[in-house]
Protein chains: 2
Amino acid sequence: MNQRQQEILSLVQQQGFITIETLAQNFNVTPQTIRRDIKSLGDKQLLTRYHGGAGVSSSIENVEYSTRQIMNLEEKQQIAKLTANHIPDRASIFINIGTTTEEIAKALLHHNGLKIITNNLNVAAILRSNPTFEIIIAGGIVRQRDGGITGEATIDFIRQFKVDFGIIGISAIDPDGTLLDFDYHEVRVAQAIIENSRQVFLATDHTKFDRNAMVRLGSIDQIDALFTDLYPTEHIVTLLAENNIDLHTVRSKVAPGHKQSQ
Amino acid sequence: MNQRQQEILSLVQQQGFITIETLAQNFNVTPQTIRRDIKSLGDKQLLTRYHGGAGVSSSIENVEYSTRQIMNLEEKQQIAKLTANHIPDRASIFINIGTTTEEIAKALLHHNGLKIITNNLNVAAILRSNPTFEIIIAGGIVRQRDGGITGEATIDFIRQFKVDFGIIGISAIDPDGTLLDFDYHEVRVAQAIIENSRQVFLATDHTKFDRNAMVRLGSIDQIDALFTDLYPTEHIVTLLAENNIDLHTVRSKVAPGHKQSQ
DNA sequence: ATTTTATTGTTGTAATTTGAAGATAAACGA
DNA sequence: TCGTTTATCTTCAAATTACAACAATAAAAT
C-alpha cells in the first residue's frame, strides 16, 4: 500500500465518503489512478467502493481486522472474494471452522437471501448483520480458542441437512491428494459437511500445499472446486485435472491446459 | 448499495418513517431517484415501502434490541450479580435468551469450571473468554435481532441434558402467577429448559411485574427461586410463599415474614 | 547497459445513474 | 360511485462514471 492509499484511507475515515473527482484533484493524479487505488483498498475491505467515490467499510467487516492478526490475511481475503463470486444468491451452504472460511463469511455479506448452516460462532456473528440471511448454527461443544463447535451432537445436527454448497477450509494437503487437518473433532464435522453438500468448495491458501498435518480428512477427489491464491505445482494441477476438479486462483499465472477464473 | 441508500436506511431507522418528498429535498435529487432507492432497499427487505414513503422493515427490530439492552441496565447488572452469587463453581447450567441473562453471563465470568448450555449467541461469546468453562451451544435457527437460537432442533438438543440450574429471563409475569413472553419459539425453549433443570432460577427486573405478554410460558410454581431488584407487591409475595419459592431482591425493602438475601 | 517490473496517463467503450415525460395505479373527497 | 389528486411505474435519452487495453515513464533488478 503506497503513501497515497494510506492518505485516502484516513481521508475516508475522517469524512465518511469522498468522490473520486475530489481525490484526483487532491493528489494531482487522474481519476483512473484513484480508481485503481480504491479498487485495491476495496479488495482488502479497508473501505467500500461506491459509484463515484469511496466510503468507510461497513462496521462488522473490519472490527476483527484490527484485533486479530491472521496469517496471510490479504491472500485469504482475495480467496474469500473469489469463492464468494461462485456462490449464487439464495443458495443454501455449509461453512465450517477456519480463518479462511471466516473471511468468506465476510465476503458473502453482500449476497442476498442465503441460507447458511455453520459450526463456527464467528461466522454466525458475522453473517447475522445481513437480515436477509437465514442462519442456522449447529449445536455442540464450543471451543474456547476459535469459537468452533464440534462433537457428536454437531455431526448429528449437520446430517439433518442437504445443501447446495459446502465450503470448507483445511490445514494441509498431502502431495498424493489427501486432505489433512490437526483436529480429529474438526475432521469429523468436515466429513459430515462433505457428505451432505451437493457441491464442495475447498478454500485454502498456498501455504497449505507444503505442510503436514496428522488427521486424514478425506481425499481431494471428494471436492468439486479448489479456490486458492497462487497457481499450485504441476503435480497438484494434474491431480485436479484427473479428478475433474475446477481450479480457481486469485493470480492467474499461465499454465497450459487448465481452466481458471478471474 | 450507494452512499445515499445507506443514509436513507439510517434515517428510516432513526425516524421510523419518512416521505419520499422529504428525502428528495434532503439529498437534492428527484423523487423518482428516491423511489428507485427505496425500491432497491425494499427488495432487499432492509425497509418497507409505503405509499408516499418508507418505514422500518418488519423483520428488523435490531434498533429496538440495542435500545432495550440499555434499559434498566444498572438494575439488571445488580440482579445478575445477585443471581451469580447463588451459583456454585463447577455447576452445570442452562442460560436462555434475554438481556438480563446476558448480564448474568457476564457476572458468572469469575466463576470456575462451569458447564453451560445456552441458546444465546451473545452468552456463548461472553462466556468463551473463561477457559475453565465448558460451553455447549444449542443448534437451531439464529434470530437476527438478538442472537437467540430457537426452533424444534433447539428443543430436541436441550432435551439431551439434565443440569443443576436453569436460569431464565422472561417478558412479563401475570398477577395470577402465569409466566408470559412475546415469542412462541422462545417459550418452547424455556419450557424445555425448565423440564430439564433440577433447580430453576427466574431473573427479572421489576418492570416485568406490571406488563402483559401474549404467550404462556408456564406457572410461577415451576420455579425454585426468583431474583429481582425491587420488592414485589404483597400479592406476588404471598404467591411465592405459598409455593415455597425463594425470593432474592437487590434492595432489601422491609417486608414482614419473608426471606431475603444481600 | 539492458531487461524487468511497477506505476501512471490516455483513449475508446461499456455500464450505471439520473431526470423527464407519458401512462398507470392508488388514495381521497364529494 | 365517480372524478380528482397524488403517487408510482415505464421507457428513453443525456450525463456521468467505470473498465480494459495500450503507451509512456520511472524505478528496480540482472
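Convention: sequence-line order gives letters A, B, ...; per-chain numbering from 1.
Atom pair B:I20:CD1 and C:dG19:P shows a separation of 14 Å (rounding to whole Å applied). Computed from coordinates, the A:Q3 CD to C:dT7 P distance equals 14 Å when rounded to whole Å. Atom CD in A:Q25 sits about 17 Å away from atom C1' in C:dG9, given to the nearest Å.
Aromatic ring orientation, A:H86 versus A:F201: perpendicular (interplanar angle above 60°, classes split at 30° and 60°). Using the six-membered ring where Trp is involved, A:F94 and A:F161 have ring planes that are perpendicular, over 60° apart on the 30 and 60° scheme.
Across residues 34-42 of chain A, A:R36 each have a non-hydrogen atom less than 4.0 Å from an atom of DNA chain C (numbered order).
Looking at A:N122, its side chain does come within 3.5 Å of a backbone N or O of A:D146 through a donor-acceptor pair. Under a 3.5 Å cut-off, the side chain of A:T228 and the backbone N or O of A:T249 do not form any donor-acceptor pair.
Salt-bridge annotation for A:R4 and A:E7: absent, with no side-chain N of the basic residue lying under 4.0 Å from a carboxylate O of the acidic one.
Shown here for A:L179 and A:I173, the closest heavy-atom pair between the two residues is CD2-CG1, 4.2 Å.
Between A:T33 and C:dG9 there is a side-chain polar atom (N or O) within less than 4.0 angstrom of OP1 or OP2.
For B:H185, there are no side-chain hydrogen bond (donor to acceptor under 3.5 Å, both in side chains) partners, not counting sequence neighbours. For B:Q32, the side-chain hydrogen bond (donor to acceptor under 3.5 Å, both in side chains) partners are B:R35, not counting sequence neighbours.
For residues 14-34 of chain A, no pair satisfies salt bridge (charged side-chain N to carboxylate O under 4.0 Å, His left out), with sequence neighbours left out.
Ranked by how close their nearest DNA chain D nucleotide is to the 5' end, B:E21 and A:G52 are led by B:E21.
The footprint of chain B on DNA chain D, defined by a heavy-atom cutoff below 4.0 Å, extends from D:dA7 to D:dT11.
No contact: A:F27 has no heavy atom under 4.0 Å from any strand.
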| field | Footprint string (nucleotides 22-30 of chain C, 5' to 3'): B base within contact, S backbone only, - free, heavy atoms under 4.0 Å | value | ----SS---

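Within a 6.0 Å sphere centred on CG of A:N244, heavy atoms belonging to other residues, nucleotides or ligands number 12 at most.
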| task | Could you check A:T118 against A:N120 for side-chain hydrogen bond (donor to acceptor under 3.5 Å, both in side chains), going step by step and ending with a plain yes or no? | result | CA-CA 5 Å; A:T118 182; A:N120 184 329; 5.4 Å; no

